[in-house]
Number of protein chains: 2
Amino acid sequence: MLDIAILGLLEEGELHGYEIRRRLRAQLGILANVSFGSLYPALNRLKNAGAIEATEVRSSPPRERPPAPLTGSISGERAVFKARRRSLPKERRSRKVYRITDEGRRLFTELMQGGDSEDSRTFGLRLAFARHLTPSARLGLLERRRARLVERLNDARSAARDDSLDTYARSVMEHNADEVEHDISWLDQLIANERLVPATATPTRHDDG
Amino acid sequence: MLDIAILGLLEEGELHGYEIRRRLRAQLGILANVSFGSLYPALNRLKNAGAIEATEVRSSPPRERPPAPLTGSISGERAVFKARRRSLPKERRSRKVYRITDEGRRLFTELMQGGDSEDSRTFGLRLAFARHLTPSARLGLLERRRARLVERLNDARSAARDDSLDTYARSVMEHNADEVEHDISWLDQLIANERLVPATATPTRHDDG
DNA sequence: GAGTAAGTATATCGCTTCGATATAACGGCC
DNA sequence: GGCCGTTATATCGAAGCGATATACTTACTC
């Protein structure tokens with residue numbers, strides 16, 4: 001699950017760990033509210049699998065710090081320090097910048113297609129990166145998800161009919177079923193849209209600087 | 001999370017592992033689609049914590065049916081009997097029947113109240129067992145959840161406004177926000193209902209067997 | 001200008017949960 | 001009699017989470 005998210009982000013450019021997490025939270029919200037305790041192991045896992053490469057970047061702005069504070073020119077150092085504080089908010093401490101490999105791109109495609117999107121998070125993630133899929137793969141993703149939700153709706157409705165449930169449990173079950181229904185009609189819209197504009201769809205390729 | 005579900009079920013009568021799982025799936029659906037790989041460790045955990053007790057039951061005489069205090073309906077019993085003659089003789093191999101203790105009841109109350117219901121599953125589980133809470137605790141649960149969802153709605157809306165998102169990602173984000181909004185108005189109804197009927201609320205105490 | 005709070009960045013630990021799998025006993029079926 | 005499906009308990013490895021540790025920088029306050 002995390003693998004899809006990481007590879008999907010790295011498809012668009014190299015990033016370091018902290019930034020990956022920041023973007024996942026900002027762009028995908030609850031879908032990928034990921035903690036470091038899962039992110040860093042996931043990055044190592046992907047690195048060991050050859051899906052990504054890491055480069056250690058030392059905090060090296062073009063200007064070097066004076067090697068030794070030998071003399072009493074404290075004011076000189078202070079000036080440098082001050083100037084630095086103003087002008088370079090960019091380079092911080094050592095980071096590991098991750099870059100996707102060919103194997104990673106292959107794996108990404110595989111993960112995007114394969115398996116069924118059991119939970120809504122995995123599906124949401126896949127759909128969020130759906131521009132990387134071919135139109136037919138995209139349609140397949142939507143339709144498989146829809147089929148699964150129809151199954152679930154049946155279960156949810158029959159669970160809600162259970163006589164042994166009290167007010168609260170029943171309310172939860174009914175709300176649950178309503179949400180699944182809502183999800184299905186959302187998917188129906190997406191599917192209809194896919195079918196209407198098969199050729200016009202998403203010229204989202206952009207040249208990266 | 002599982003602890004709440006297990007203790008909540010055992011509040012209403014003693015059950016064995018397999019049956020606990022069956023009921024969780026049937027009655028709570030997606031909320032507690034639990035696997036044995038989490039159920040049995042959870043049962044052992046609770047046992048070690050003194051929250052539940054286990055009794056090994058050897059293949060008892062086929063006459064007795066200990067497990068089901070669910071319905072009092074005659075037709076239901078006849079149906080069970082008939083089904084039994086055909087396919088399921090009900091008493092099979094050795095089982096471990098679990099029973100909640102006083103400590104377990106204390107823990108259950110604590111888990112039901114404590115912490116914030118971060119994910120919707122934990123909240124749904126708590127609400128499904130809300131009849132065990134006092135009216136004020138119930139109201140608190142609903143209001144804390146509502147507050148959290150309002151926060152989340154802000155995040156979701158601002159994430160959906162992000163210009164860098166393509167059609168698919170934006171659709172996911174917007175759908176997400178819509179669902180949160182829907183959740184909030186559902187909660188508003190529940191809260192209004194709680195406030196309207198504070199005395200009439202849920203005399204759900206039932207005499208068992 | 002010193003102290004400190006907050007932000008950036010990587011990493012690990014223990015715990016929970018999941019999916020897969022093993023094992024075992026029994027009934028139904030051909 | 002052999003095999004499959006159901007009931008039942010249990011364990012394993014992998015994945016993910018929350019908490020925590022460490023280290024460096026930047027920003028805010030007195």
Side-chain angles (χ1 to χ4, degrees), chain A residues 1-6 15-25 30-49 54 56-61 65 74-75 77-78 81-98 115-116 118-119 121-122 125, chain B residues 1-6 15-22 24-25 32-49 54 56-60 62 67 83-98 111 115-116 118-119 121-122 125:
Chain A
M1 209 228 73
L2 243 187
D3 298 11
I4 297 181
I6 292 171
L15 296 168
H16 55 96
Y18 195 84
E19 178 68 11
I20 289 175
R21 193 214 187 198
R22 207 188 56 75
R23 294 213 190 174
L24 286 177
R25 291 171 88 98
I30 189 70
L31 278 183
N33 190 4
V34 94
S35 79
F36 292 123
S38 39
L39 178 61
Y40 287 110
L43 285 171
N44 284 326
R45 201 193 313 146
L46 288 170
K47 198 177 72 177
N48 291 336
E56 183 104 11
V57 176
R58 285 246 143 244
S59 178
S60 51
R65 281 221 256 193
I74 308 282
S75 58
E77 290 206 32
R78 200 160 25 184
F81 181 71
K82 232 180 161 179
R84 187 140 156 259
R85 251 177 62 183
R86 274 209 209 104
S87 58
L88 359 146
K90 269 246 164 170
E91 311 302 327
R92 311 187 140 280
R93 53 165 291 181
S94 82
R95 299 171 302 175
K96 279 186 187 168
V97 173
Y98 294 95
D116 45 2
E118 177 50 48
D119 62 314
R121 290 176 63 193
T122 306
L125 218 43
Chain B
M1 209 227 71
L2 242 186
D3 298 9
I4 297 180
I6 293 172
L15 297 168
H16 56 96
Y18 196 85
E19 178 69 11
I20 289 175
R21 191 214 188 198
R22 207 188 56 74
L24 286 178
R25 292 171 88 97
N33 190 4
V34 95
S35 79
F36 291 125
S38 38
L39 178 62
Y40 287 110
L43 286 171
N44 285 326
R45 201 192 314 145
L46 287 170
K47 199 177 71 176
N48 291 335
E56 184 104 9
V57 175
R58 288 244 147 245
S59 232
S60 13
R84 187 156 136 223
R85 265 181 52 197
R86 271 203 215 114
S87 57
L88 36 135
K90 219 64 184 172
E91 309 305 327
R92 307 190 142 275
R93 53 165 294 180
S94 76
R95 300 171 300 173
K96 277 185 188 168
V97 174
Y98 294 94
L111 290 176
D116 46 2
E118 177 50 48
D119 62 314
R121 290 176 63 196
T122 306
L125 216 45

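Throughout, a chain's letter reflects where its sequence line sits, starting with A, and its residues are numbered from 1.
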message: Rounded to whole Å, how long is the line connecting atom CG of A/D119 with atom P of D/dC17?
response: 11 Å
- request: Heavy atoms only: give me the nearest A/P41-A/G37 pair and the separation to one decimal.
  value: CG-O, 3.2 Å
query: How many angstroms lie between atom CG of A/L2 and atom CZ of A/R121, to the nearest 0.5 angstrom?
result: 8.0 Å
- prompt: Among C/dA11, D/dA10, C/dA9, which nucleotide sits nearest the side chain of A/H16?
  reply: C/dA9
statement: Rounded to whole Å, the CD1-C1' distance (A/I4 to D/dG16) equals 15 Å
query: CZ of A/R25 versus P of C/dT8: gap in Å, rounded?
result: 12 Å
message: What is the distance, to the nearest angstrom, from the CG atom on A/L15 to the C1' atom on C/dT10?
response: 16 Å
- request: Would you mind reading off the distance between A/I6 atom CD1 and C/dT10 atom P, rounded to a whole angstrom?
  value: 12 Å
task: For residues A/L31 and A/M1, report the shortest heavy-atom separation together with the two atoms involved.
output: O-CE, 4.3 Å
- request: May I ask you to evaluate whether A/Y18 reaches the phosphate of C/dT10, defined as a side-chain N or O under 4.0 Å from OP1 or OP2?
  value: no
message: Which heavy atom of A/A54 sits nearest to which heavy atom of A/K47, and what is that distance?
response: CB-CD, 3.9 Å
- prompt: Is A/R95 close enough and on-axis enough to A/Y18, meaning under 6.0 Å and within 45°, for cation-pi?
  reply: no
message: On the nucleotide D/dA10, are OP1 or OP2 found under 4.0 Å from the side-chain N or O atoms that B/Y40 carries?
response: no
task: Round to the nearest Å and state the distance from A/E56 atom CD to C/dA11 atom C1'.
output: 12 Å
- line: A/R21 atom CZ is separated from D/dG16 atom P, nearest whole Å, by 15 Å
Euclidean distance, atom NZ of residue A/K96 to atom C1' of C/dA9 [Å, nearest integer]: 11 Å
field: Shortest non-hydrogen contact from A/H16 toward A/Y98
entry: CA-CD1, 4.3 Å
query: What string of B, S and - do you get for nucleotides 13-19 of chain C, 5' to 3', when a contact is any protein heavy atom under 4.0 Å?
result: ---SSBB
- line: Of all heavy-atom pairs linking B/G17 and B/L43, the shortest is CA-CD1, 4.1 Å
